[in-house]
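First listed ligand is number 1; within each ligand, the first listed atom is number 1.
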Amino acid sequence: MCGIVGYLGNKNTKEILLSGLKELEYRGYDSAGIAVLQDGELINHKAVGKLVNLEEKTKNFVTDKFAVGIGHTRWATHGKPTELNAHPHLGESSYVVHNGIIENYAELKQELQNDGVKFLSQTDTEVIVHQFEKNLLKCNNEFEAFSKTISELNGAYATLIITASLPDTIFFAKHGSPMLVGTNDEDEKFFASSDSPLIGLAKEVNYFEDGDYGYVTKDELVIFDKDSKKVKPNFSKLSTDKLSAQKDGYRFFMEKEIYEQSDVIADTLIGRLSDEEIIFDEIDKNLFDGINEIKLCACGTSYHSALSASYMFERYSKIRCSVEIASEFRYRSPIMTKDTLFVVISQSGETADTLETLKMAKRAGLKTLVICNVDNSSMVRGADNCILTRAGIEKGVASTKAFATQVTVFWMLSLYVAKLKKSLTTDELKYQIQLLREVPLATKVSDDMHERIKRLSKRYLHGHGFFFIGRDIFFPLALEGALKLKEISYLHAEGYPSGEMKHGPIALADPELFTIALLPEHLLYEKSKSNVEELSARDSTICAISSLDFDKADDFIKINSCKDYMLEFFEMMIVVQLLSLEISVRLGNDVDMPRNLAKSVTVE
Ligand code: AGP
C-alpha cells in the first residue's frame, strides 16, 4: 500500500527521502516519486516500478543544503501505475503526496475543471493541490489556505504539501490514514506513514491523531486537532529495531496482516462498486462471451478461496464452476473446452504448479484470467486478463489478507457475471453490493474478541487432532482454518464438510478430538447444529463459532450478529485466523516463518 515520507533540514534531502521510501517498500507499490524545494526551486522526479528506477532518475540530482522534500510510493487505485499518476502531484507551484482516498474528489475536480484547472493524472489526490492553490488566491496566507482545503476534503487521508512561496515549511494533515512526525537535536523534521523510515534519524516522534493538521518549520511543529484547537505535540521515544517497526507494534507480521484485513478489503473494493453493478475496467468487456463454465485452479489457501468462489458462481451467477488443485490438474490429462474460462488464483503469481496450468490453458486456446496480489508477476504477465487483489505485500508465510481479498474479488466477480447473465434481479444485486460495502466493518478485529481467543487458546495445545467443520461456503473456510492451524502450530488439523463427519471421521470422536464448528446463523443453521450435536454426543471437545448461543459446546466464540451469511463468513475467518495464531504463539513457534514452508513455492 502507499507510503509517505517527508524531510525538512540541512542534510542530503534526496538520500533521506529515498532511503525512507526504501523502508516502506515492504508495503507494496508500483510507482514512486519525490519533490524537493531547495534554493527557491521546486524539483520533482517520478518513476514507475521499483525504487531503483527512481534512484537511477535522480542520480545527478544534488541536494546539499537546507531543503524541504516529500516522497511517496504509490499502490495504484484510481488510475493505472504510470508516471503521471505517481505522486507527488504538482499544481502551479506546490506539490502534494497523499495516502488514502478522497471520497468527494469527483465533485471537487468538476468544480476546479469548471474554473479552468487542467488535471494531469487520473488520481483523486491531484484535487488536493489544485484546491489548495485555488484557496491560496482567496486566503490571507498559505496556512489558512491549507486549513480550508483540509476542511473541504471527505474521506481518509494522510497528506503533505510543500509550496514555493514558503520554502521552509511542510504542511501536514491526517485523517484515517497513519502518519507521524519526528524531530531531533538538530531540529530536523521527518514525516512518514510508519515508524521504520524514522529509525536512526528522529529522536522522538509524535503520532498524529485523526483530524490533526498543521505545519513544520525548522523551529516549529504546530499542530491543530480536529476541533481546530492548537495542541502540544505528544512526543514519545522511537524504537531502534527496524523489523519491529515494520510490524507497527504487532508481535508478528501475520498478526499485523490479520488486523490489516479491514483496510485492504476496503482497498480491494475502491472504484469497483457502484450501486447497481460491479466495475472491473481491467478485464476485457467480452471476456464472458461464449463462456459456459468457469474452471478455477490454484494451490493451498488460494485453492480454498477458489472453492468458496465456486459456491458464489453457481449460486449468484448461475454458471457452472469447477475447482482444481493445480498440482493434480497438470498431470491428469484434463479435458479443456473453449467455452471454459480458465482462472488461476495466486497470492504471489509465481507458484510453479499454478503457473504451469495457466500455460496449459493457453496452449489449449482457452480464455484466461488471473486473480493475483503481485503486479508484474509471472502469472499476471502470462494471463490475458488480470484482477489485482490489492492486499499489499504479505510477509507472513501463513496467508491471511491475501485470502480475504481473493474471496472479496471472487464475490465481486460472481456479481459481475450475475449482471451479465441477468441471474440476479436489480434488487438482489443492490443488496449484495451493499453487503460488500459492509465487509471492511465485519473484518475489524475487536480487542475483546482477540482477548477471548487468546484465553481460549491455552485449552487447544494438545489432543490427537482438530476438525474444522462447516457446510456450504463455510466448508472452504473450514479447510482454510485447518490449513492455518497446521501451518503454524504443527498440530494435525483437517477441514471437513459438517454433514460428512458421520461417514467416517466421527469414529475418531473422543474428548481429545477438537472440533471447531462453524455455525452461521443464516445458512443451514439447523443442519449444521445437528451435525455438531452428533459429535458432542460422542464426547468430542467442541469449540463453536456462531452468533447464536449453543449450549452443546465446551467453548463458544460469539461473533457479531450479521444480516447475511457472507458477513458471517468474514467474521468467522478472523476467528479461525486468530485462533491459529494464538495457539502457535503459546506453543512457542515461529509464527511468520513456520518450519519447512516457503512464501513463494516456485518449484514443483
Ligand atoms: C498459505 O498459508 C500457504 N502458505 C500456501 O498454501 C499458499 O497459499 C500456496 O502455496 C499458494 O500460493 P500462491 O497463492 O502464492 O499461489
Side-chain angles (χ1 to χ4, degrees), residues 28 252-258 260-261 264 268 296-309 323-330 342-359 361 368-383 386-410 468 476-491 493-495 573-574 576-581 583-584 589-604:
F252 304 98
F253 281 109
M254 182 188 175
E255 185 179 31
K256 174 170 176 261
E257 287 157 5
I258 292 172
E260 271 172 7
Q261 291 178 114
V264 295
T268 305
L296 307 171
C297 200
C299 302
T301 287
S302 297
Y303 169 74
H304 297 154
S305 77
L307 265 184
S308 72
V323 191
E324 306 273 356
I325 291 178
S327 57
E328 282 298 304
F329 185 76
R330 60 185 289 194
F342 194 82
V343 184
V344 286
I345 309 93
S346 174
Q347 187 285 131
S348 61
E350 302 297 346
T351 304
D353 285 321
T354 313
L355 184 58
E356 185 50 37
T357 65
L358 174 63
K359 291 179 187 162
T368 58
L369 167 69
V370 57
I371 293 175
C372 190
N373 194 36
V374 181
D375 200 3
N376 290 317
S377 56
S378 304
M379 283 182 224
V380 169
R381 282 182 277 117
C386 163
I387 299 177
L388 291 174
T389 47
R390 303 178 182 165
I393 287 184
E394 191 178 59
K395 283 208 160 186
V397 167
S399 185
T400 51
K401 60 178 183 168
F403 175 76
T405 53
Q406 286 170 347
V407 177
T408 306
V409 164
F410 274 129
F468 284 68
L477 183 59
L479 286 171
E480 177 57 10
L483 180 65
K484 286 291 83 75
L485 186 68
K486 63 188 147 205
E487 281 187 297
I488 58 173
S489 73
Y490 318 142
L491 295 170
E494 276 188 70
M573 176 194 76
I574 298 281
V576 295
Q577 291 169 342
L578 286 175
L579 188 62
S580 304
L581 173 85
I583 291 174
S584 172
N589 298 343
D590 187 340
V591 170
D592 286 331
M593 272 182 277
R595 70 185 185 201
N596 307 337
L597 299 180
K599 185 67 190 159
S600 191
V601 186
T602 52
V603 290
E604 261 197 75

[X] side-chain N/O to [Y] backbone N/O, donor-acceptor pair under 3.5 Å:
| X | Y | answer |
| --- | --- | --- |
| S580 | V576 | yes |
| E394 | A402 | yes |
| E257 | G396 | yes |
| K395 | F253 | no |

Inset, instruction - State, yes or no, whether a side-chain contact exists between I325 and C299 at a heavy-atom distance under 4.5 Å. - result: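 The answer is no, as the side chains (C-beta and beyond) never meet within the 4.5 Å cut-off.
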Legend entry - Proximal protein residues to ligand 1, non-hydrogen atoms under 4.0 angstrom: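 Protein residues near ligand 1 are C299, G300, T301, S302, S346, Q347, S348, T351, V397, A398, S399, L483, K484, E487, V601.
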Inset, instruction - Only counting residues at least two apart or in another chain, list the ones meeting side-chain hydrogen bond (donor to acceptor under 3.5 Å, both in side chains) with S584. - result: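 Once residues adjacent in sequence are excluded, S584 has no partner under the side-chain hydrogen bond (donor to acceptor under 3.5 Å, both in side chains) criterion.
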